Amino acid sequence: MTNDQRPTTNDQRPTTNNQQPTTIHSMDYPFAPIEPKWRAVWDQTGAHHTDLTKPGRKFYGLVMFSYPSAKKLHIGHWYNFAPADSFFRWKRMQGYNVFEPMGFDAFGLPAENYAVARGVHPGVTTADSITHIREQLQQIGAMYDWTREVNTSSPEYYRWTQWIFLQLFHRGLAYQKQAPVNWCPSCQTVLANEQAEGGSCERCGTPVLKRDLKQWFFKITQYADRLLESLSRLDWPRKTKIMQENWIGRSEGAMISFALEKLIEGWPDPSGSGFSYFEIFTTRPDTLYGVTYMVFAPEHPLVAEITTPKQRGAVETYIDSVHRATDIERISTEREKTGVFTGAYATHPLTGDRLPIWIADYVLMGYGTGAVMAVPAHDQRDFEFARKYQLPIRVVIQPPGSSLDPAFMDQAYEEPGVMVNSAEFNGTASEEGKSAVTRKLTELNRGRQAVTYRLRDWLVSRQRYWGAPIPIIHCDVCGLVPVPEDQLPVRLPENVKEFAPKGKSPLANLPEFMDVECPICGLPAKRDPDTMDTFVDSSWYFLRYLSPDRDDVAWDPEVTKAWLPVDQYIGGAEHSVMHLLYARFIIKALYDARLVSFDEPFTCLRHQGIITHKGDKMSKSRGNVVNPDAFVEKYGSDVFRMYMMFMGDYEQGGDWSDGGITGIARFVNRLWTLYLNHAEGAEEGEPSGDVRYALHYTIQHVTQDLETLHFNTAISRMMELLNGLLEAAVQPPPLSRGVGGISSGQGGIPGLKIVLDTFARLVAPFAPHLGEELWHMLDAKRKETDSVFDQPWPEYDPAALVRDKVTLVVQVNGKLRDKLEVNPDIDQESVVALAKMSERLTPYLEGKQIRKVIFVPGKLLNLVVG
RNA sequence: GCGAAAGUGGCGGAAUUGGCAGACGCGCUGGUCUUAGGAGCCAGUCCUGGAAACGGGGUGGGGGUUCAAGUCCCCCCUUUCGCACCA
């Protein structure tokens, strides 16, 4: 960015006498009548109703739908929705057929907790909230196609959520299993792993407990590799992709079989040796010779089988204490590792050594096989444990150029090195050793190459009322029986009195809900009392937006094929893992079932930043919540939304301050005043000179900035244009002013009409009501039903951006010493000649030798002298 | 501990490929109009010396590369976010 390109800078302008404005009537932009007027017109003309049967150049613009957990739309919603709408409106003016839907993620704990707190049925409070929020949403003036609104808590919607569950069930992707799961004692329900990050409930912050319960899972782990692999095809923030990668947590290594010293029923004995085998996963098969003991997770099913009578008491006491600990305590890395010996031994697959088997809480049942080989010399956790319980430490990887003595080690050596004490592998580099050892184990049928993931299956059942009932019937004879599709939806009973959480689903206490006939055998059977995780609802809402009224299918295949995937998805980064990963999984599963023709739902994703207030996240408890309504009422919706865009980088977020909004209000007033005074009778014809340059400069930059969601700088560029126009229109400046300014050379501005028409179109996506109003002010013949949003987005003419004079910076020894007004394609020789003549440069050049000349055409000359 | 991003005036924030640091806005100062001004308009506003012209310094700290560094490299500090015994 160089000054000479700035349309409004005029640093060489001579001071002029103050000339009083003659035509400016200062008055405030009357948003109060104007904004509702245009909203009514848009409603009337169906301006925001997208004809989905004629996609044309389609553009599916999506924001994360709102969560009616309270009655109010908060500033975070505005910050997500309003700038996103500006982007989508711009797309529309670029000629895209834009579809911008809105709906309500109305099921779930927050909505239910809100209802419970007030003793009212969640259906009532939700409907109430939706009514209020919809009104507030309408104030934004966004292009929402309200004819396609969805509400995930309506039977018309959750019927199809249940249908999707059944599709997964039929494909073996929805299954029930008994497992230690996260239990939130406050919400009285189980949670998915993603919702219990760090051991606390994602909703209420309560530490979660482990409970062994039978629950429904979606087999997302089956898609781990594909979820990982197709990330590379997505235009998503790098950070979001990394988070998903980390969450999936692929790691390569080996599965290795260790023999027990006895035979246990149900456990493999492939060699018929009379001993059972168990597997462990390791990423370091090269350290296999350094194993000195084995560790099982306390929950490991073999523990009960192998524990010797002598150790039984200690083992049981230990397991008990582990179960009482919350996950927070258990996973804290601060805490010293604890464990206990089981009395049992395993046999090393290569050396035949006896290895004591311990249980310890640092081994997690949910990862790998729930058992590990312990190599204290080369794994810090094993090292700490071995030191504490005086277990042997055996060095098998030697660091380059030195040797390790276990007696003097104060931490494990985890880096690569050379294998030692490893029989035939001695001297092998550890990296190479990984595959060499795995190969040997494979030959001996005692191991294999393997990949494991951190990702766990998605636990989807919830012991709560306000959700979509799981469409499964439990029959003593037939087992798990899917509810026949023609019987969907399984309606959530409405006349429930006690929906507060009690540890099991409130539905379990309703015989009229629970008791059914088995659809297969006709005998009495029970419904599943649990409801689905809300993230199931939100994993497919973008499909339903396209066919919200269809009661024969979940979505219209033709329309879906034409409109999806979503072209631009905008929402909070807090959904980087959960919602976005779940939705990707559901879409891939539906793709495999040939129910959709795309396997990634969101081609391009961006996150808005977070708006803080006084440095903190806004929250009721901090008392720093900014109420958008107050500002909308005072300044109007356009000013409010533009200020949010102007505050800073959209993807960065920022700190709210009341003061700054006046800057935008002034801008809008000044712009409005300009049109008020000049719209009528503005000079026809083509703009020329500096005005033409400034206009095209603005078009270029606003366009570029919108492309990258840099709303703040786009608005700055428009402010510069306005400042320049006001100066030119109000005070015809002397001819001699600097190149940067707008000068007409006469009283008026030639081509002002075109300038104003273009400006109205530029500002329209940012301030839709204002844009519409300004555009209509320009031509009395324009009907109310004509819309600026049906006008083409202005295009800049590169020729208009070519200047006949540019400011060339002259440096001496890298320091700025002069500026020259020159022809842009002037050559080095001429510039040096000009520089030598410059009086300002004389003191720096006199008596010196020019040793080097650096010339950047049209920009800079640097003379190195000495 | 690991991973990612960021640190620029009183404040929010701008600055293609390294090429005029501080655009735009808030706030502040002075002026103007006014019964009044917390409205509008005009001028000024990184720090520092100077009446000015014009100098000197300056993008978290330290070093380096370069004619030239907010931007590239190395070390350090701080903040935010994410993950956190994942074998």
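Every heavy atom of this structure was used, including side-chain atoms; hydrogens, water molecules and symmetry mates were not. Note that this is a predicted model, so its numbers are computed, not measured. Order of the sequence lines fixes the chain letters, A, B, ..., with proteins taken first and strands second; residue numbering starts at 1 for each chain.
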Separation between the P atoms of C73(B) and G22(B), rounded to whole Å: 25 Å
Does a side-chain N or O from K859(A) land closer than 4.0 Å to OP1 or OP2 of U16(B), or not? no
Interatomic distance at P, A68(B) relative to C77(B), whole Å: 29 Å
Tell me whether the side-chain N/O atoms of R238(A) come closer than 4.0 Å to OP1 or OP2 in A5(B). yes
Regarding the side chain of N723(A), the nearest nucleotide among G82(B), G27(B), G25(B) is G25(B)
Roughly how far apart, to the nearest Å, are G10(B) and G1(B) at atom C1'? 39 Å
U17(B) and A53(B), which share atom name P, separated by this distance in whole Å: 35 Å
Mind checking which stems touch RNA chain B? I mean at least 3 consecutive Watson-Crick or G-U pairs, both distances under 3.5 Å. B:1-7 with B:77-83, B:10-12 with B:24-26, B:27-32 with B:40-45, B:46-49 with B:54-57, B:60-64 with B:72-76
How far does the C1' atom of G40(B) sit from the matching atom of U8(B), given to the nearest Å? 33 Å
Reckon S251(A) has a side-chain N or O less than 4.0 Å from the OP1 or OP2 of A87(B)? yes
Taking atom P in both C74(B) and U79(B), what distance in whole Å separates the two? 23 Å
Are F296(A) and F278(A) close enough that their ring centres sit under 6.0 Å apart? yes
Between Y643(A) and F631(A), ring centroids under 6.0 Å: no
Regarding E821(A) and T807(A), do their side chains bring together a donor and an acceptor under 3.5 Å, going by distance alone? yes
How would you label the glycosidic angle of G70(B): syn (within 90° of 0) or anti? anti
Give me the distance, rounded to whole Å, that separates G70(B) from G62(B) when you measure between the P atoms they each carry. 14 Å
How would you list, by chain and number, every residue that makes a side chain to side chain donor-acceptor pair (under 3.5 Å) with S838(A), sequence neighbours excluded? D818(A)
For R717(A) and G25(B), is the shortest distance between a side-chain N/O and OP1 or OP2 below 4.0 Å? no
For the residue pair Y79(A) and Y650(A), is the inter-centroid distance of their aromatic rings smaller than 6.0 Å? yes
With the side chain defined as heavy atoms from C-beta on, D361(A) is closest, among C85(B), A23(B), G40(B), to C85(B)
Counting side-chain heavy atoms from C-beta on, which of A87(B), C24(B), G27(B) comes nearest to M719(A)? C24(B)
Would the distance check show the side chain of N624(A) and the main-chain N or O of H613(A) forming a donor-acceptor pair, the cut-off being under 3.5 Å? yes
What integer distance in Å separates Q652(A):CD from A5(B):C1'? 8 Å
What about K852(A): does its side chain form a donor-acceptor pair under 3.5 Å with the base of C67(B)? no
Would you check if there is a donor-acceptor pair between the side chains of Y453(A) and T221(A) at a distance under 3.5 Å? no
Nearest-nucleotide check on RNA chain B, R670(A) vs D382(A); residue mapping nearer the 5' end is R670(A)
